[in-house]
Amino acid sequence: MGSEPRPVASIVAVVRLAVLAAAAGVVSAYASLGFLLGIGWVQSMLVGSASAGLSAAIDQAPWWRVLLAPALGGLVVGLLVRYVMPGRVAQGPADVIEAVQVRDGRMPLRRGLLSAAASVISIGSGASVGRYGPALHLGATLGSWLARYVSVDRNARIALLGSGAAAAIAAAFNAPLAGILFAHEVVICGFAVRSVMPVVVGSAVGASVVRAHGSSVALFELPDPGIEHFYEYPLFVVLGVLGGVLAIAFIRSVDIASRHAARVPAPDWARPMI
């Protein structure tokens with residue numbers, strides 16, 4: 001007597017999670033847009049152009065600016081990581097996966113914001129780092145923060161983290177389906193029943209925010225993938241094997257380069273500048 005019927009409570013919980021996922025999508029989408037605008041601003045200040053085509057801007061810049069921009073950006077990032085960043089390590093997509101698998105979806109907000117700031121300076125000054133990994137980390141951080149702010153359980157917290165990550169991908173690439181698949185396959189590592197709905201909502205809202213601001217063009221425009229000859233199928237197999245081998249080689253080369261960089265006889269804050 002007096003207790004709420006279970007079906008009604010379940011419906012309320014689902015609706016609440018959907019609303020929270022939409023909120024995570026809005027926050028993450030605007031954060032991604034702000035992240036990209038910040039990169040453009042830093043690039044404009046240091047390189048002289050805010051265009052996404054950095055190579056074209058470098059071709060037109062004087063030699064001293066090409067030399068000074070990445071060195072100055074590296075110095076600022078090194079000092080930021082050394083004296084301000086908790087743990088003295090910048091964060092990325094791997095830390096999002098670790099948060100899901102090890103820390104029950106908990107991601108510190110301060111560390112996420114500082115990592116995003118370091119990435120803005122690093123990428124804007126010309127570092128050969130992708131724009132969308134840090135945007136993913138920022139979106140996941142904001143989704144995790146929202147979950148902590150409203151006090152939800154572990155499953156809902158991971159779902160909201162995934163919603164933030166999906167919204168960031170959808171906003172950055174203007175590709176909501178890619179955001180959904182990436183969040184499930186890479187971040188959450190599987191299609192959990194409870195996380196499907198909030199991730200879909202977050203990704204759709206993230207893409208809607210971008211399109212509401214006038215961006216309706218996908219980042220990658222692919223031609224019609226028509227297949228005209230049967231012999232193309234074995235070539236797809238070869239391409240897949242070759243891509244896998246190159247991916248493994250790339251990952252191992254990064255590990256080797258990191259180990260060698262750690263042996264450079266210089267303070268850790270100066271290494272990014274060097």
Side-chain angles (χ1 to χ4, degrees), residues 2-32 35 85-116 119 132-172 176-209:
S3 61
E4 190 178 30
R6 186 170 182 178
V8 175
S10 299
I11 293 174
V12 171
V14 169
V15 172
R16 179 173 182 260
L17 187 58
V19 172
L20 292 174
V26 171
V27 173
S28 298
Y30 277 111
S32 295
F35 176 80
M85 185 80 67
R88 300 179 182 177
V89 178
Q91 303 287 288
D95 299 284
V96 178
I97 300 172
E98 180 183 355
V100 173
Q101 299 298 321
V102 179
R103 299 197 299 271
D104 295 332
R106 293 183 174 88
M107 299 182 66
L109 178 63
R110 180 170 178 263
R111 178 175 292 184
L113 295 178
L114 288 173
S115 292
S119 298
Y132 304 106
L136 163 70
H137 182 272
L138 179 60
T141 298
L142 293 173
S144 175
W145 166 79
L146 178 63
R148 185 171 68 253
Y149 185 79
V150 297
S151 300
V152 296
D153 60 21
R154 175 186 180 277
N155 291 332
R157 182 165 52 249
I158 291 176
L160 291 177
L161 182 153
S163 299
I169 294 295
L177 184 58
I180 296 169
L181 294 175
F182 190 92
H184 279 294
E185 292 290 347
V186 179
V187 176
I188 302 177
C189 296
F191 281 83
V193 174
R194 188 172 182 181
S195 65
V196 171
M197 180 273 295
V199 168
V200 170
V201 170
S203 185
V205 169
S208 298
V209 168

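Throughout, numbering of the chain's residues begins at 1 and tracks the sequence.
For S32 (side chain) and A172 (main-chain N/O), no donor-acceptor pair under 3.5 Å exists by modelled atom type. The closest donor-acceptor contact from the side chain of T141 to the backbone of G112 lies at 3.5 Å or more, if one exists at all. Checking side-chain atoms of S163 against main-chain N and O of G202 turns up no donor-acceptor pair under 3.5 Å. Of the possible donor and acceptor atoms, none in the side chain of S203 sits under 3.5 Å from a partner among the backbone N and O of V199. Side chain of R157 to main chain of D104: a donor-acceptor pair is present (N/O by atom type, distance under 3.5 Å, no hydrogens or angles).
Under the salt bridge (charged side-chain N to carboxylate O under 4.0 Å, His left out) criterion, D153 pairs with R194, not counting sequence neighbours.
No side-chain heavy atom of V27 sits less than 4.5 Å from a side-chain heavy atom of L146. Between R103 and E98 there is a side-chain heavy-atom pair separated by less than 4.5 Å. The closest side-chain heavy-atom distance from V19 to R16 is not below 4.5 Å. Between L109 and L142 the shortest side-chain heavy-atom distance falls below 4.5 Å. Residues V196 and I180 fail the side-chain proximity criterion, which asks for heavy atoms closer than 4.5 Å. Counting heavy atoms from C-beta on, the side chains of I97 and I188 never come closer than 4.5 Å.
Taking every heavy atom of both residues into account, L136 and P93 meet most closely at CD2-CB, 3.8 Å. The minimum heavy-atom distance between M107 and A99, with the atom names listed, is CG-CB, 3.5 Å. Nearest approach of S144 to G105, heavy atoms of both residues: OG-O, 2.7 Å. Annotation for V100 and R154: closest pair O-NH2, 4.0 Å, computed over non-hydrogen atoms. The heavy-atom pair separating A168 from S28 by the smallest distance is N-CB, 4.3 Å. Shortest non-hydrogen contact noted between F35 and A116 is CE1-O, 3.6 Å.
For the atom pair CG of L181 and CD1 of I169, the computed distance is 11.5 Å after rounding to the nearest 0.5 Å.
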